[in-house]
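Shown next, in structure tokens, is the structure this report addresses.
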Number of protein chains: 2
Amino acid sequence: MTEPRYRRRKEDRPKEITAAAFDAFAEKGFAATRVDDVAKRAGVSKGLLYLYFKTKEELFKAVVKSVVIRRVDRLIENVETTELSSDNFIRGPLLSFLQKIPGSPVAIVIRLLIAEGPRHPDLVDYYYENVVAKGLAAISAFVKRGVDRGEFRQSSVSDLPHLILAPVMLSIIWGIIFKDKQLDTDTLIATQIDMILTHIKA
Amino acid sequence: MTEPRYRRRKEDRPKEITAAAFDAFAEKGFAATRVDDVAKRAGVSKGLLYLYFKTKEELFKAVVKSVVIRRVDRLIENVETTELSSDNFIRGPLLSFLQKIPGSPVAIVIRLLIAEGPRHPDLVDYYYENVVAKGLAAISAFVKRGVDRGEFRQSSVSDLPHLILAPVMLSIIWGIIFKDKQLDTDTLIATQIDMILTHIKA
DNA sequence: ATAGTTAATGACCGAGTAGTCAGCAAGTGA
DNA sequence: TCACTTGCTGACTACTCGGTCATTAACTAT
């Protein structure tokens with residue numbers, strides 16, 4: 001009565017494989033990761049992997065999508081339903097949301113997109129539409145609301161969303177390239193938010 | 001009396017090869033670029049390339065170094081010798097220096113470092129010491145001078161250099177990933193500088 | 001001229017890897 | 001328990017690409 005050599009788990013395999021792929025890509029990047037590695041990490045054979053994903057590239061896209069979904073949407077929901085003053089919302093939930101990004105899977109995805117994006121235009125489009133555009137729009141709408149309420153000055157700069165993102169981006173990149181050279185990303189982001197608020201406050 | 005099939009040009013070959021390699025890496029990234037491609041672009045045989053560069057990785061390092069040299073040094077020199085007030089220097093030479101970065105070869109190198117850096121720690125160290133550390137130090141020293149002269153407030157934030165770099169970094173990344181989705185990097189950087197200046201002015 | 005030096009060539013090799021497929025065995029139902 | 005479906009395996013193939021090296025031909029010195 002020995003253990004069966006494997007179990008058939010059609011439902012769970014894809015998730016497990018994308019999770020394993022994410023880890024592998026995070027460590028080595030897409031190009032340097034072997035499909036065999038991913039399979040081994042997921043505890044399956046290479047053949048099975050190819051049953052669920054037509055090509056390595058297909059797998060790559062699945063990984064990006066798996067990370068992206070639902071992250072921004074939650075923020076947007078918050079923006080729309082919050083009872084806080086604009087100021088408090090920015091210093092509170094928005095700030096802590098931003099501070100979490102550099103250490104999150106999103107940072108990994110950004111790295112992958114930088115490295116491989118130029119070769120996968122449709123993936124970039126997908127990411128732009130589902131994450132970037134949404135995020136930018138949400139922040140813009142929020143600032144507009146602040147203006148309407150008289151909390152912010154009328155002339156509030158139009159590239160505010162990008163200015164808010166900038167230190168987050170820097171933190172992400174820093175973490176990727178100069179792992180060891182520490183950088184206090186939390187204060188960096190907080191300081192920027194601070195500067196921006198005093199700049200646009202009515 | 002036919003043309004010779006090739007000329008012996010020992011002096012020029014390395015430069016030509018690194019230039020060709022830069023172009024190739026810029027287009028496809030390091031991993032996806034074939035040595036044969038680089039050779040073809042440079043108008044030489046693969047064998048010759050291997051006469052001047054021991055390995056593909058060696059070539060990669062040469063490319064990075066060729067872009068890096070002398071760029072930051074010139075800025076540092078300016079910082080140290082300028083007669084302008086801190087304010088004017090920042091709004092003038094420093095700003096225009098920063099605005100040029102996103103479209104310059106440095107942007108390409110950043111992309112390469114993000115994609116391949118984790119696999120080439122010594123290269124990252126080289127880049128950090130010769131570009132990043134120098135640049136940060138120069139800006140810090142400059143701010144300190146401004147404080148001494150009474151132009152800036154004492155408490156001028158310590159991560160100012162990073163804050164200055166942030167929008168530059170964002171612009172670089174944006175340009176790499178979302179080539180088509182335009183972003184007015186010049187105003188973005190200028191606005192940030194503006195914000196920072198009003199923030200630290202005495 | 002001509003012998004010697006070496007920049008330059010390109011066919012070749014072997015390691016490594018994305019993707020395939022014939023067969024196996026875990027689950028299923030009668 | 002036995003036939004049947006199908007999730008799963010892993011050896012295999014076809015091919016790509018970094019790196020080598022025997023050979024060639026452009027230069028140089030005498």
Side-chain angles (χ1 to χ4, degrees), chain A residues 1-25 27-64 112 115-116 119-120 123, chain B residues 1-64 112 115-116 119-120 122-123:
Chain A
M1 207 172 203
T2 54
E3 281 284 285
R5 294 239 302 273
Y6 56 81
R7 305 227 164 244
R8 309 168 90 184
R9 298 190 356 260
K10 189 180 179 172
E11 307 300 318
D12 304 333
R13 295 304 194 195
K15 276 184 216 168
E16 291 173 7
I17 293 171
T18 48
F22 175 83
D23 291 345
F25 292 163
E27 266 178 36
K28 310 195 172 196
F30 173 76
T33 296
R34 348 236 145 281
V35 176
D36 255 324
D37 269 16
V38 174
K40 206 159 278 172
R41 274 182 204 249
V44 301
S45 68
K46 190 163 63 163
L48 185 64
L49 189 155
Y50 275 95
L51 201 66
Y52 293 112
F53 303 93
K54 271 184 84 77
T55 63
K56 190 186 178 188
E57 188 178 320
E58 208 62 42
L59 175 62
F60 180 50
K61 292 181 183 176
V63 167
V64 171
L112 293 175
E116 311 290 339
R119 285 158 119 13
H120 306 274
L123 190 61
Chain B
M1 208 176 205
T2 53
E3 282 283 285
R5 295 238 303 272
Y6 55 82
R7 304 223 168 249
R8 308 170 89 188
R9 300 194 350 265
K10 189 179 179 174
E11 307 299 319
D12 305 333
R13 295 303 195 196
K15 276 182 217 171
E16 292 172 8
I17 294 171
T18 47
F22 175 83
D23 291 346
F25 293 163
E27 265 177 37
K28 309 195 172 196
F30 173 76
T33 296
R34 350 232 149 284
V35 176
D36 256 324
D37 270 14
V38 174
K40 206 158 278 171
R41 272 182 204 250
V44 300
S45 67
K46 190 163 63 162
L48 186 64
L49 189 155
Y50 274 96
L51 200 67
Y52 293 111
F53 303 93
K54 273 184 86 77
T55 64
K56 189 187 180 189
E57 189 180 319
E58 208 63 42
L59 174 63
F60 180 49
K61 292 180 185 177
V63 167
V64 171
L112 293 174
E116 312 288 340
R119 284 158 112 24
H120 305 274
D122 51 330
L123 190 61

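Chain letters run A, B, ... following the sequence lines, proteins first, then strands; residues in each count from 1. Everything numeric here is computed off the predicted structure, so don't read it as measured data.
For the pair A:E58 CD and C:dG19 P, the interatomic distance rounds to 10 Å; values are reported in whole Å. For the pair A:L48 CG and C:dA26 C1', the interatomic distance rounds to 13 Å; values are reported in whole Å. For A:L59 and C:dT17, the CG to P distance is 16 Å, given to the nearest whole Å. Regarding A:K56, its NZ atom lies at a distance of 9 Å from the P atom of C:dT17, rounded to whole Å. Rounded to a whole Å, the CZ atom of B:R9 is 12 Å from the C1' atom of C:dA7. Going from atom CG of A:L49 over to atom P of C:dA18 covers 10 Å, rounded to whole Å. In this structure, B:Y50 places its OH atom 14 Å from C1' of C:dC12, rounding to the nearest Å.
Counting any heavy atom pair closer than 4.0 Å across all strands shown, B:K46 reaches a base atom. At the heavy-atom level, A:F53 lies nowhere under 4.0 Å from the strands shown.
Protein chain B contacts DNA chain D over a range whose 5' and 3' limits, counting nucleotides with an atom under 4.0 angstrom from a non-hydrogen atom, are D:dC17 to D:dC27.
Within the 4.0 Å cut-off from OP1 or OP2 of C:dG16, not a single side-chain nitrogen or oxygen of A:R34 is found.
Side chain of B:K61 to backbone of B:D122: no donor-acceptor contact under 3.5 angstrom is found. Without hydrogens or angle criteria, B:R34 side chain to B:A32 main chain gives a donor-acceptor distance under 3.5 Å.
Under the 30°/60° scheme for interplanar angles, the aromatic rings of A:F25 and A:F60 are found to stand perpendicular.
Relative to the ring axis of B:Y52, B:K15 does not place its NZ or CZ within 45° and under 6.0 Å from the centre.
Residues A:R119 and A:E57 are not paired through a salt bridge, judged by the lack of any N-O separation under 4.0 Å between the basic side chain and the carboxylate.
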Check the pair B:K40 / B:K46 against side-chain contact (heavy atoms from CB on, under 4.5 Å), numbers first and verdict last. CA-CA 8 Å; B:K40 206 158 278 171; B:K46 190 163 63 162; over 6 Å; no
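The residue among B:A31 and A:Y6 whose nearest nucleotide of DNA chain D is located toward the 5' end is A:Y6. In this structure, A:Y52 and B:F30 both approach DNA chain D, and ranking their closest nucleotides by distance from the 5' end singles out A:Y52.
Out of C:dA8, C:dT20, C:dA26, the shortest distance to the side chain of A:R8 is found at C:dA26.
At least one side-chain heavy atom of B:V35 sits less than 4.5 Å from a side-chain heavy atom of B:Y50.
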